Amino acid sequence: MNTYDFLVIGSGISGLNFALDAAEYGTVAIVTKKELMESNSNYAQGGIAAVLDSHDSFNAHVADTLTAGCHINDLNAVTLMITHAPAQIQKLIDIGVGFSRKKETLSLTQEGGHSTRRIAHAHDATGKEIERALIFHVRQHKNIHIFESHLAIDLMVKNNACQGAQVLNTEKKIIETFLAKATILASGGAGQVFERNCNPSVATGDGIAMAARAGAEIRDMEFIQFHPTALALDGKPTFLLSETIRGEGAILVNAKGERFMESQHELKEMAPRDIVARAIYEEMKHGPVYLDITHRESAYIKARFPYIYEQLWWYGIKMDKDRIPVAPAAHYTCGGVHTNLHGETNIPGLFAFGEVAHTGVHGANRLASNSLLECMVFSEQTVPTAVAYATTHPIEEQTTTNNVVYVPSNIANIKKEIQHLMWNHVGIIRHEDELDETLHTIKDIQSNLETLQKNGRDEMLIETKNLADVAIIITKAAIARKESIGCHFIEN
Ligand code: SIN
C-alpha cells in the first residue's frame, strides 16, 4: 500500500504546478497513465492569456471572457483568474519557461474573442515548454514520487471522505492502492468522447467519470468546445491548427476561394470559437474549407510556427505555399467536477482543478488561452486548502481489499461506436430527438461494459467505460439545456 499526504491524479500543467507547491508541506504522489509529459497541456499550442501590456486592462480581459462564455460565467472565478494572471506569467518565467520575446519584452499574440494581443506564448508549442520547465523541477523534488503507467480506476471514499484511489499499474498489470490525506484530480478533459477530436489519446474523461461515480457534483458538461481548425486530410491525424495562425492573419476560405467569415461576424476569423466552428461546419455542406496564411512571408511563418510548419510538412502540406484543409474537432471540456475557488469539491478530501474541474470560469464557452491560465491559477489556489485539509485529516485505518482483477479485453470497436455516436448526434449542432436516442443507445453500451467488467478490467475497458459514463453525462446535460448558448447549439 502506498501512503502519501497528497495524491495527484494527472500530470498536466495544473497537477505539476500543485505538486511543486504542495511538496513543501508533505509527500506527493503523481500518478499518470502514460509518461509524465503526456497530457492535454503538452499539446496546447496557442499560449497563456494575461494582461501584460499598458494598453490592456483586467476589465477588458474579464469582458472578453464573459462575452465568449455568454455571460453565464462565475464572475468571481473570472476576476480571480484574470487578476492573478500576470503573477503566474512571472512565476513561469522564474522557473525557466522560455516565452517568445521581441527584444526585451514578451511577444504577445492574438486569438479569437480577445479584444487585444494578450497571449504570452513559446512559439507555437507553449504547453510543451511549460511542461518541460515544471517537469525539470518536479523530478528534482525529494518529496515528489512519480508513478508513470499508472491509471486511476476509482476513488476510495470512506465515511463520506476521499482517501485515495485504486490504480492499475499498466506495466505490471496489477492493481495498487494509493492512500492519501488529500486526493487531487488534475486529469484533464474528455475530448476522446468524440470521433473527431484534437486531444491526445489520454483525454478519456477518467477524472470526471470517477468523480461522478463517487458522488461528486458535475456541472455544465453540455459545453464541449469544438476547435474550428483541425487538419482535415484523409488518413492523417486531426492535428490542431492553432487559432494564433488566424491571429497572425490567416483567413478561412471555401472551395471557391471565398472568405466566408466576413458575412458571419464583425470579428471575422477572430470571432469566438463556437461561431467560427459552426460557420465552417455549415460551409462544409458545400465543399471543403481551407485555412490560408500564404500571403505572409515564408520566413515569418517558419519562425513563428516552427512546430506546426514541420508537422504539416510531414503530412505533405507546405504552410507557406498551400492552403490547409480544416474542419472543427472536439477540443475542450468547459464543464466538469464542480469546485469552489479553492479547488474543493462536495466530497471532503477530494480537490480538482484544470480541465477536469468546473469553477464556472468558462461559462458556455472558453475564451482562447484561458485554459493554461486556469490550470496555473486554480492549482495554486488549491494548495492552502488541500494542505489545511491534509494537516487536520489523518488517513483512517483501511481494511481495503482490491476488488478489481486484471483481465485483458478487446473492445476497440465499442470505443469507436461511442465516439461515432457522440460526434454525429451530440456534436456541433444537436437535435432533441437525436439526443434522446443517443442517450438510450449509450446507456445500453454502458450496461454491457458493466457486465464485462465484473470479470475484470484492463486499461481499454476502464477508459471505454469512462468514455461511456462521460458521454451519458454530456448527453443528459445537452437534453436538459433547452436553449442554444455558447458551445451548446440546438437546432429544431
Ligand atoms: C489554439 O492554439 O488554438 C488552442 C489554444 C486554446 O485552446 O486555448
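Position 1 is the first residue of the sequence; numbering continues from there. Fair warning: this is a prediction, and the values are worked out from it, not measured in the lab. Atoms within each ligand, like the ligands themselves, are counted from 1 in listed order.
The two residues Ile293 and Ala250 have their closest heavy-atom pair at CB-CB, 3.8 Å.
Between Ser369 and ligand 1, at least one pair of N/O atoms sits closer than 3.5 Å. For the pair Gly46 and ligand 1, the shortest N or O to N or O distance falls below 3.5 Å.
Heavy-atom contacts of Ala368 reach the following atoms of ligand 1: 8 (O) (cutoff under 4.0 Å). The contact set between ligand 1 and His227, taken as ligand atoms under 4.0 Å from a residue heavy atom, comprises 1 (C), 3 (O), 4 (C). Each of the atoms 1 (C), 2 (O), 3 (O), 5 (C) of ligand 1 lies under 4.0 Å from some heavy atom of Glu111.
Here Arg430 contributes atom CZ and Ile479 contributes atom CD1; the two are 10.5 Å apart, rounded to the nearest 0.5 Å. Here OG1 of Thr244 is found 4.0 Å from CZ of Phe305. Values are rounded to the nearest 0.5 Å.
In this structure, His358 and His338 have tilted ring planes: the angle between them lies in the 30° to 60° band.
The local environment of CD in Glu491 is crowded, with over 12 non-hydrogen atoms from other residues, nucleotides or ligands closer than 6.0 Å.
Side-chain contact check for Asn199 versus Phe194: every heavy-atom pair is 4.5 Å or farther apart.
The nearest protein atom to atom 6 (C) of ligand 1, hydrogens excluded, is given as Arg273 NH2, 3.2 Å; this is a heavy-atom distance. Of the protein's heavy atoms, Ser242 OG, 2.6 Å lies nearest to atom 2 (O) of ligand 1.
Atom 3 (O) of ligand 1 has its nearest heavy-atom neighbour, among Glu243, Glu374, Arg366, His331, in Glu243.
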